[in-house]
Amino acid sequence: MSNEEYNPYQELLKTINEAGQQLGLTRDDYKILEKPDRELKVSIPIEKDDGSVEVFDGYRVQHCNSRGPYKGGVRYHPKVDIDEIRALAGWMTLKCSLVDIPYGGAKGGIQCDPGQLSKSELKKITRRYTTMIEPIIGIDKDIPAPDVNTNAQIMSWIYDTYSMIKGHNIPGIVTGKPRIIEGCLAREGATGRGVMITVENLFQKLDKDLEDIKIAVQGFGNVGQVAAKLLEEKGCRIVAVSDVSCGLYNEDGLDINELIEFVGSDRNYLKEFVNNNGTKKITNGELLRLDIDVLIPAALENQITAEVALDIKTDFIVEAANGPTTREADSILAERDITIMPDILANAGGVIVSYFEWVQNKEASRWEDDETNKKLRNLLTKAFKQVWETYEEQQVSLRMAAYMVALNRIIETKKIRGIFP
Ligand code: GLU
């Protein structure tokens, strides 16, 4: 399948269909999930720092809200388009159901290159976008959060803009805020922490030791950095990491803290990193093909294609990104006995802690980080056990098992509620 043919939403629908059949459902049972409930396309004009005007495309897709308000991040990226946002919204529906938090799924995005925009331009884009989607979001309607290239600062602007429109402060409108404005400190590292917990759960289940296993992480943004750092703390050897500029490889293990510091808030690229202790520059393609124990794709979708899958030399893939593996690659990897911990489980830590932040905002309370992290581990581990049980009982892949658990819960909710009117 060429890149032009790749449509993440169609991929998602095929996997839902397969899970529906495995569960013995009829298509009528899950047909409702084939089309998102609501899609909003907005235009976002801003006056740039040089006085020129630029108009960006933005989206908010609300996929399904049977189990609770729509929930999902907002992504800023040049490749954002409606099919990507639809797929990401659908994955949120499944993810929230799988880890059993009372949310449906949504996603938003703006087609832009944040690297080319100043802070003031980013602020204008965010405020205008929030104003445009304001009619369809709300604390009990749809709650945005960070995703690729968005962060606590951007969430603060969403919170502020929405609160200004409504005339009073509504912190629960968005999650992933800084602590000072009722954010949950643990949220920033939550997705990466969830990835680490998933690796731990997997290795514990297989009775394998984490000590000194070799890991490569594709993507060195918030999720990749935290996952690498926490796994390094567990004794794993992070032999490679990469960003859009290049990959770094060191057989003895990279110093993750040093790299995080180097990349820093100025967003330096890894290709500028100089270190003579045996660290080599490699390409992203080489990173995916390294002879290692665990590969963690933590960048974008459509990275592990059929072509890559044929060359992969890892035993395990833990999907920190959403949709990094294509369906074609999935079957090749299954044949090659490579175990995949699917995205909707492995990266669910972010939305779980978003849920905790929202609960705290709703009840105007503040929990300790330790308490939050403990609750995160409990929810993720419970979901892991359910997935593993289904995987063993039904003799399906772990991805299929995760989809079956998630879909079953959504369909049960839909059946009890009925179709309105
Ligand atoms: N963007 C994250 C995800 O894909 C988190 C969404 C949220 O916290 O609502 O899961």
Side-chain angles (χ1 to χ4, degrees), residues 8 12 59-65 67-77 80 84-110 133 137-152 154-155 158-159 171-178 183-195 197-198 219 221-224 226-227 297-301 318-324 341-361 372 375-376 379-380 383 402 406:
L12 165 69
Y59 306 89
R60 185 75 186 167
V61 173
Q62 298 176 330
H63 180 258
C64 166
N65 69 348
R67 294 182 27 85
Y70 301 106
K71 185 82 186 85
V74 179
R75 165 175 299 203
Y76 290 1
H77 196 274
V80 160
E84 182 192 46
I85 300 297
R86 267 183 202 145
L88 290 162
W91 283 321
M92 287 310 298
T93 304
L94 290 158
K95 195 185 301 187
C96 294
S97 172
L98 176 63
V99 295
D100 206 6
I101 53 176
Y103 286 140
K107 201 74 161 206
I110 302 178
I133 65 167
I137 59 170
I139 185 163
D140 290 312
K141 272 200 301 207
D142 182 354
I143 308 113
D147 195 77
V148 173
N149 292 332
T150 57
N151 54 24
I154 289 173
M155 298 309 114
I158 296 180
Y159 162 46
I173 181 58
V174 67
T175 56
K177 302 176 295 293
C184 183
L185 204 58
R187 172 65 185 85
E188 189 130 23
T191 311
R193 179 172 297 274
V195 172
I197 294 171
T198 304
N222 169 267
V223 178
V226 176
L300 295 172
E301 53 277 4
V318 178
E319 296 181 333
N322 289 308
M341 289 313 301
D343 48 3
I344 59 169
L345 177 63
N347 72 28
V351 74
I352 290 176
V353 177
S354 274
Y355 165 56
F356 297 153
E357 181 174 328
W358 179 76
V359 168
Q360 291 169 72
N361 292 162
T372 311
K375 286 188 159 113
L376 164 65
L379 277 192
L380 266 182

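Counting starts at 1 for both ligands and their atoms, following the listed order. No hydrogens, no waters, no symmetry mates; every other heavy atom, side chains included, goes into these values.
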Quiz prompt | Backbone of Tyr159 reached by a side-chain donor or acceptor of Lys177 within 3.5 Å | solution =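 No, because the side chain of Lys177 does not come within donor-acceptor range (under 3.5 Å) of the backbone of Tyr159.
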Quiz item: Between Asn347 and Asn322, is any side-chain donor less than 3.5 angstrom from a side-chain acceptor?
Solution: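 Distance-only check passes for Asn347 and Asn322.
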Exercise. Could you name the protein residues that come within less than 4.0 Å of ligand 1, counting only heavy atoms, and order them by chain and residue number?
Key: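 Contacting ligand 1 under 4.0 Å are Lys71, Gly72, Gly73, Met92, Lys95, Lys107, Ala145, Pro146, Asp147, Arg187, Asn322, Gly350, Val351, Ser354.
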Quiz item: Would you say the side-chain atoms of Arg60 pair up with the backbone N or O of Gly109, donor to acceptor, closer than 3.5 Å?
Solution: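 Not at all, since once roles are kept as given, no pair shorter than 3.5 Å links the two residues.
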Practice problem: Measure across Gly72 and Lys107 and return the closest heavy-atom pair with its distance rounded to 0.1 Å. | Solution: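 Heavy atoms only, the tightest pair is C-CD, 4.4 Å.
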Self-check item: Atom of Cys184, atom of Thr372 and distance for their closest heavy-atom approach
Solution: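 Closest approach of Cys184 to Thr372, heavy atoms only: SG-CG2, 3.9 Å.
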Quiz item: By side chain to side chain donor-acceptor pair (under 3.5 Å), which residues pair with Thr198, not counting sequence neighbours?
Solution: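 Per chain and number, Thr198 pairs via side chain to side chain donor-acceptor pair (under 3.5 Å) with no residue.
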